[in-house]
Amino acid sequence: MQLNITFIELGVDSSVAFMYSLFVWYFNLYSLPKYSLLSFNTGFFSKRLVMSLFTGIIAMVILVTVHHAFFPKYHFGSMMLMYQFRGILINLTIFMFIHLLYQNYHAQQILVQFEKIKTDNLNAQYELLKQQINPHFLFNSLNTLQAMIDINDSGASGFVSNLSYFYRFSLENKKEDLILLEQEINILKSYIFLLKSRFEEGIEIRISLNEYTGSTYIPPFTLQLLIENCIKHNIVSLEFPLHITVYEENGLLFIKNNKQPKNAESKSMGIGISNIKGRYSYICTKEIEVINNESEFTIKLPLIYENFNYRR
């Protein structure tokens, strides 16, 4: 059987296929979602495929109609089904190729993000360890203890017990990613005892949590670091007492303090807050929120219920 296909007809046919392929390529390319760790899911893949096929069918109708208008003697309109079938095959091929490229890029970005998170987590653990074994804090604690012993303060024994408990807990839990908030509050109370022994009425820390909040999870020493951050950047004295409140509201843990900045502000680039943000990004999908106004400084921490958002 001999096919009577002219070069013009072949050229026009190739023109339809080329223009359709070009359109489909750029349409699928620019319809890709903006990259994020949460953007890649099966449901969105299906919607994109349906949208691509539907748009491709419309584009093919337009291309065939235009070519038929310029070359009516070749009756391209009567071969619409053949062109649509060919268009669907071209569309599927291009769509899957771009999808595989995007999937490969997404996987590579996840690996990069994972390595970055691991590095940030190691840095956070290193900074946390330095904070836990902070020579300045230990020096102040020992000075306070010496002063208590010199005046025969009956609270010296309790001070030693809380200092010992605090450092023992620090060493035992420094490698944990999460602990119960109840445990965090217990160690925080020992830390508050040490602070009260040092600053007396110059600092007031109130904790207001309901009975269910204690069963949630939190990265260890988060509250201690935040309170230490408050002391580091604010005046703490009998004349200007520092008030810190820890409470739960709408599934968030609030740490709020009044602002009374020191005259000689310490040279800080927000390492403490950055470390806590890094640890939360490693552990859960929710971010912490910082509110800094003229009178108050507030940190909002997402509570983690039964490891609900925990990443491993």
Side-chain angles (χ1 to χ4, degrees), residues 117-118 120-134 137 141 158-197 203-231 243-257 271-291 297-312:
I117 288 172
K118 284 204 304 184
D120 290 344
N121 188 53
L122 289 174
N123 290 335
Q125 288 184 358
Y126 174 67
E127 292 295 333
L128 177 61
L129 183 58
K130 290 197 299 185
Q131 291 285 348
Q132 293 166 4
I133 316 297
N134 190 327
F137 171 72
S141 297
F159 186 91
V160 171
S161 297
N162 279 278
L163 183 62
S164 173
Y165 174 70
F166 176 78
Y167 275 101
R168 184 174 67 251
F169 189 88
S170 299
L171 293 173
E172 289 175 353
N173 293 274
K174 64 184 176 67
K175 292 184 179 180
E176 295 293 329
D177 290 330
L178 287 174
I179 61 171
L180 283 169
L181 181 59
E182 184 179 9
Q183 292 178 280
E184 176 80 355
I185 295 299
N186 287 337
I187 188 61
L188 182 63
K189 288 178 179 178
S190 292
Y191 182 66
I192 292 173
F193 183 91
L194 301 177
L195 294 176
K196 291 290 290 183
S197 298
I203 188 168
E204 179 187 0
I205 302 175
R206 292 181 298 170
I207 301 174
S208 178
L209 302 174
N210 61 49
E211 57 180 320
Y212 303 105
T213 307
S215 60
T216 60
Y217 291 84
I218 191 173
F221 308 105
T222 298
L223 297 181
Q224 179 244 317
L225 288 177
L226 289 176
I227 289 176
E228 190 170 289
N229 192 66
C230 295
I231 296 170
H243 300 281
I244 303 174
T245 308
V246 180
Y247 63 96
E248 182 270 340
E249 186 177 295
N250 298 326
L252 296 171
L253 189 64
F254 287 69
I255 298 88
K256 181 183 294 185
N257 68 276
I271 295 176
I273 301 296
S274 297
N275 281 343
I276 292 173
K277 286 183 176 180
R279 294 169 72 202
Y280 263 89
S281 68
Y282 172 72
I283 288 168
C284 71
T285 57
K286 297 181 179 179
E287 297 181 353
I288 73 171
E289 184 179 351
V290 178
I291 301 175
F297 185 84
T298 305
I299 299 285
K300 296 182 183 181
L301 301 175
L303 292 174
I304 304 171
Y305 292 87
E306 297 293 338
N307 293 344
F308 180 75
N309 290 314
Y310 189 49
R311 284 200 195 114
R312 279 199 183 274

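Here the structure is a predicted model, which is why all the values come from computation and not from measurement.
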Taking every heavy atom of Ile244 against every heavy atom of Cys230, the minimum-distance pair comes out as CD1-CB, 3.8 Å

Report task. Apply side-chain contact (heavy atoms from CB on, under 4.5 Å) to the pair Tyr217 and Leu181, showing each step before the final yes or no. Result -> CA-CA 5 Å; Tyr217 291 84; Leu181 181 59; over 6 Å; no

To the nearest 0.5 Å, atom CD1 of Ile218 lies from atom CG of Leu178 at 9.0 Å

Applying ring pair (Phe, Tyr, Trp, His ring centres under 6.0 Å) to Phe254 and not counting sequence neighbours gives Tyr247

Interatomic distance, CD1@Ile187 vs CG@Leu223, rounded to 0.5 Å, equals 11.5 Å

Distance col, row Ile205:CD1 vs Leu195:CG, nearest 0.5 angstrom, shows 5.5 Å

Residue set satisfying side-chain hydrogen bond (donor to acceptor under 3.5 Å, both in side chains) with Asn210, at least two apart, ordered chain then number -> Thr213, Glu248

Applying side-chain contact (heavy atoms from CB on, under 4.5 Å) to Glu289 and not counting sequence neighbours gives Ile291, Lys300

Taken in chain and number order and not counting sequence neighbours, the residues that satisfy salt bridge (Lys or Arg N to Asp or Glu O under 4.0 Å) with Glu204 are Arg206

Residues passing the side-chain hydrogen bond (donor to acceptor under 3.5 Å, both in side chains) test with Ser197, sequence neighbours excluded, are none

One should read off an interatomic distance between Ile231 CD1 and Leu226 CG, to the nearest 0.5 angstrom, of 11.5 Å

Separation between CG (Leu253) and CG (Leu209), nearest 0.5 Å, reads 6.0 Å

Taken in chain and number order and not counting sequence neighbours, the residues that satisfy side-chain contact (heavy atoms from CB on, under 4.5 Å) with Val290 are Ile273, Lys277, Phe297, Ile299

So CG of Leu303 and CG of Leu252: to nearest 0.5 Å the spacing works out to 7.0 Å

